[in-house]
Structure formats: C-alpha cells, structure tokens
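Quick caveat: nothing in here was measured; it's all calculated off a predicted structure.
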Amino acid sequence: MEGTIKAVTQNRCFGGVQSVYTHQSRETGCPMRFGVFLPPQAKSARVPILYWLSGLTCTEENFIVKAGAQRIAAALGLAIVVPDTSPRGLGIPGEGESYDFGLGAGFYVDATEAPWSRGYRMYSYITKELRADAAAALPVDPTRAAIFGHSMGGHGALTIALKNPRDFKSVSAFAPIASPIRCPWGEKALRGYLGNDRARWREYDATALIEDRGWTGPKILVDQGTGDSFLESQLKPELLRQACRDFGVPLDLRLQDGYDHSYFFIATFIEDHLRFHAENLR
C-alpha cells in the first residue's frame, strides 16, 4: 500500500489476505490502526467494501479474531475494513479511567467539547479519511460500500448510514445502542463529547435520525439477542422499531432467543449479514 499507510501484519486467509495497517490520521491527530480483509477476487478486480464498527472497549482485533467473517467474505468477494473504536495516543488526562468513555469508546462522533475535540473525531475519521484512504490504496469499489457494527458500533453504523445514504448502500447491526439519547451509555458519552445541548445529540441517535431524515435505502437488518444483559437498560431496540414503523422505514428486527451480547452471538449470525450486504451491493 502507498503513502503513509503501512502494513503491521499480513496473513493468508481463505485464499485472500487478512491485514492490519497503521497510518497517521489527520482527523484524530495520532496514529490509527485498522484491519482489512481482501478476498481472493481482489487480485483481479475491484471488490465491494464493507465497514465494520466495533463496540465498547474493542480494537480492530476483536472482529478479526472472533467474528469468523473471512470464510464467507472470501466466497462472496467482499472486502472488510475494521477501524479502531477511538484515538489512541493523544494522552488526554483521564481518557483511560472509564470503559464507556474515552479510550475504546469514541462513539463515532465528532467531539466539540474540550479536551475531546482535539482528536475524538471518529465520525469524520470513518466517513471522510478512512473511506478516502481505503478507496485510494485498496482494490475496492467505493461506489459499492456498506456498513455494519455491534453495540456502540451498531449505533455508529446506523447513524453513519442514515446521514450518508449516497455513500453506503446498506446497513445492518448486532445489538445496537438504538437511542443513545435515552440510555446511560449514550447520555454519558454524548454529554461528554458534545456538551449539554440535547438537540445536538440527535445527530448521533438512530431513532432521532429516522424521525428527522428517514431512510430510502433497502431494509435495515438488526439482530438482537433476548439473553443480552444490556437489552432493556442500554440497547432499547423497541425504540428503533417504533421509529421505523412511524416513518415508513423498512426494518427486519430479529430477536434471537437466548443469545447474549458476545462475539459468540455475532459469529452465529455473521453469515446472514454478509449475504445481506452482498445482495445489496451486487
């Protein structure tokens, strides 16, 4: 790969290559890591690209190692790009004190409150910088892109797709934080990164965005485990379902009996999501 993007690791995988890269980010002001799986089809043609956004405390490694996505992605000819969940290396005092704010918890927003505004710009990092760098350096077709994620990353995937429908042809999520403005995780993060004006928080809330903007793309796919310990207190998928009903947005919300919040849940249903996106990116 060219320019400032450098390979950290590269491993053959199902005929393709699973890599981790690093680059100096303009948006976050520090080095950022991201994973890339390129299927074997990328040797001879540009392939569709999926972006995976991970949840609280995760790095790019969690999905790469635990989701089991590479075999099906190779068969379908899909590239998967997996960014980190926050800047690392800014040295902001207190950023590592809590699992749900700061390191590992960027919430895919552009912070406006000091000191977080100095580099906690994960929304622009994903939608502008990483997309542009991936399109320039990888054998992918940026006109055939989709996005999905888990928990905090499910929130990120939904909000990014809803605000950028021309850039992402489809969106899905595992156990997303459906309405951050109405749960403890979200309230803490949005207040810390954006300040006390709750009207500004709506730009990073999937249910609010559906109410305010709608969605004209294909149906949204969401899997939610009924055994998830965060289901009632943090995730609240019923709010997303009601917003979609009220505003005519097609949603396939699948309640999976007994499944929890872990990567065992994700690995069980990852093939469904990959095939869903492959169909929409054909």
Side-chain angles (χ1 to χ4, degrees), residues 1-2 5 7 10-21 23 33-54 60 62-64 66-84 108 123 125-150 153-154 156-174 176 215-223 250-252 266-267 269-282:
M1 298 177 69
E2 300 176 352
I5 297 175
Q10 291 187 310
N11 300 95
R12 292 285 290 168
C13 186
F14 294 105
V17 181
Q18 176 64 63
S19 304
V20 174
Y21 294 96
H23 64 158
R33 289 165 60 105
F34 60 95
V36 176
F37 175 72
L38 288 177
Q41 295 86 340
K43 297 173 186 176
S44 58
R46 291 188 175 273
V47 296
I49 182 169
L50 273 174
Y51 292 86
W52 169 269
L53 305 185
S54 298
E60 77 288 340
N62 298 76
F63 180 84
I64 292 171
K66 297 180 180 180
Q70 292 93 340
R71 179 177 64 85
I72 300 301
L76 295 173
L78 297 172
I80 306 178
V81 174
V82 186
D84 201 347
Y108 306 101
Y123 175 81
Y125 173 72
I126 301 296
T127 60
K128 298 177 182 178
E129 186 171 16
L130 185 61
R131 285 186 63 246
D133 286 355
L138 298 171
V140 297
D141 181 355
T143 69
R144 292 188 293 162
I147 192 166
F148 63 151
H150 171 232
L158 289 170
T159 56
I160 286 173
L162 290 167
K163 290 196 284 188
N164 299 276
R166 295 182 179 179
D167 297 328
F168 299 98
K169 304 301 183 185
S170 55
V171 60
S172 70
F174 291 85
W215 167 252
T216 58
K219 71 178 177 181
I220 298 168
L221 173 62
V222 172
D223 274 317
L251 170 69
D252 186 6
I266 294 169
F269 299 104
I270 193 69
E271 180 172 349
D272 291 354
H273 286 245
L274 294 174
R275 293 190 181 280
F276 166 80
H277 289 296
E279 181 66 25
N280 285 301
L281 294 175
R282 285 203 300 183

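Here the closest heavy-atom approach between residue Ser172 and residue His277 is recorded as OG-NE2, 2.8 Å. Between Pro40 and Ala74 the shortest heavy-atom distance is CD-CB, 3.8 Å. For Gln41 against Leu76, the heavy-atom pair with the smallest separation is NE2-C, 4.3 Å. Ile80 and Ala69 get closest at one heavy-atom pair: CD1-CB, 4.0 Å. Closest of all the heavy-atom pairs between Ser54 and Phe63 is OG-CB, 4.4 Å. Nearest heavy atoms, Leu53 versus Ala157: CD1-N, 3.5 Å.
Looking at Phe34 and Ile126, their side chains never come closer than 4.5 Å, going by heavy atoms from C-beta outward. Residues Asn62 and Val82 have side chains not in contact (no heavy-atom distance under 4.5 Å, counting atoms from C-beta outward). Taking 4.5 Å as the limit, some side-chain heavy atom of Pro48 sits within range of a side-chain heavy atom of Leu78.
Residue Asp133 holds its CG atom at 12.5 Å from OH of Tyr21, rounded to the nearest 0.5 Å. One finds the CD1 atom of Ile270 at 14.0 Å from the NZ atom of Lys66 (value rounded to the nearest 0.5 Å). Between the CD1 atom in Ile72 and the CG atom in Asp272 there is a gap of 10.0 Å [rounded to 0.5 Å]. For the atom pair CZ of Arg144 and CG of Asn280, the computed distance is 12.5 Å after rounding to the nearest 0.5 Å. In this structure, the separation between CD1 on Ile147 and CH2 on Trp52 is 11.0 Å, given to the nearest 0.5 Å. To the nearest 0.5 Å, atom SG of residue Cys13 and atom CG of residue Leu38 are 11.0 Å apart.
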- Could you please spell out the steps behind the side chain to side chain contact (heavy atoms under 4.5 Å, CB included) verdict for Trp215 and Val171? CA-CA 11 Å; Trp215 167 252; Val171 60; 4.2 Å; yes
- Message: If you apply the rule side chain to side chain contact (heavy atoms under 4.5 Å, CB included), what do you find for Asp167 with Thr127, and how did you get there?
- Response: CA-CA 9 Å; Asp167 297 328; Thr127 60; over 6 Å; no
- Task: Show the numbers, then the answer: is there a side chain to side chain contact (heavy atoms under 4.5 Å, CB included) between Lys219 and Leu251?
- Result: CA-CA 5 Å; Lys219 71 178 177 181; Leu251 170 69; over 6 Å; no
- Please step through side chain to side chain contact (heavy atoms under 4.5 Å, CB included) for the pair Val140 and Val81, ending with a clear verdict. CA-CA 11 Å; Val140 297; Val81 174; over 6 Å; no
- Message: Quick one, Tyr123 with Asn164, criterion side-chain hydrogen bond (donor to acceptor under 3.5 Å, both in side chains). Give me CA distance, side-chain angles, the key distance, then yes/no.
- Response: CA-CA 11 Å; Tyr123 175 81; Asn164 299 276; 2.9 Å; yes
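Remark: side-chain polar atoms of Gln18 are not paired, donor with acceptor, to backbone N or O of Gly35 under 3.5 angstrom.
Ring geometry for Phe174 against Phe148 counts as tilted: the plane angle lies between 30° and 60°, on a 0 to 90° scale.
Checked against ring pair (Phe, Tyr, Trp, His ring centres under 6.0 Å), His150 has the following partners two or more places apart in sequence or in another chain: His261, Tyr263.
The environment of NZ in Lys163 is crowded: more than 12 heavy-atom neighbours from other residues, nucleotides or ligands sit within 6.0 Å.
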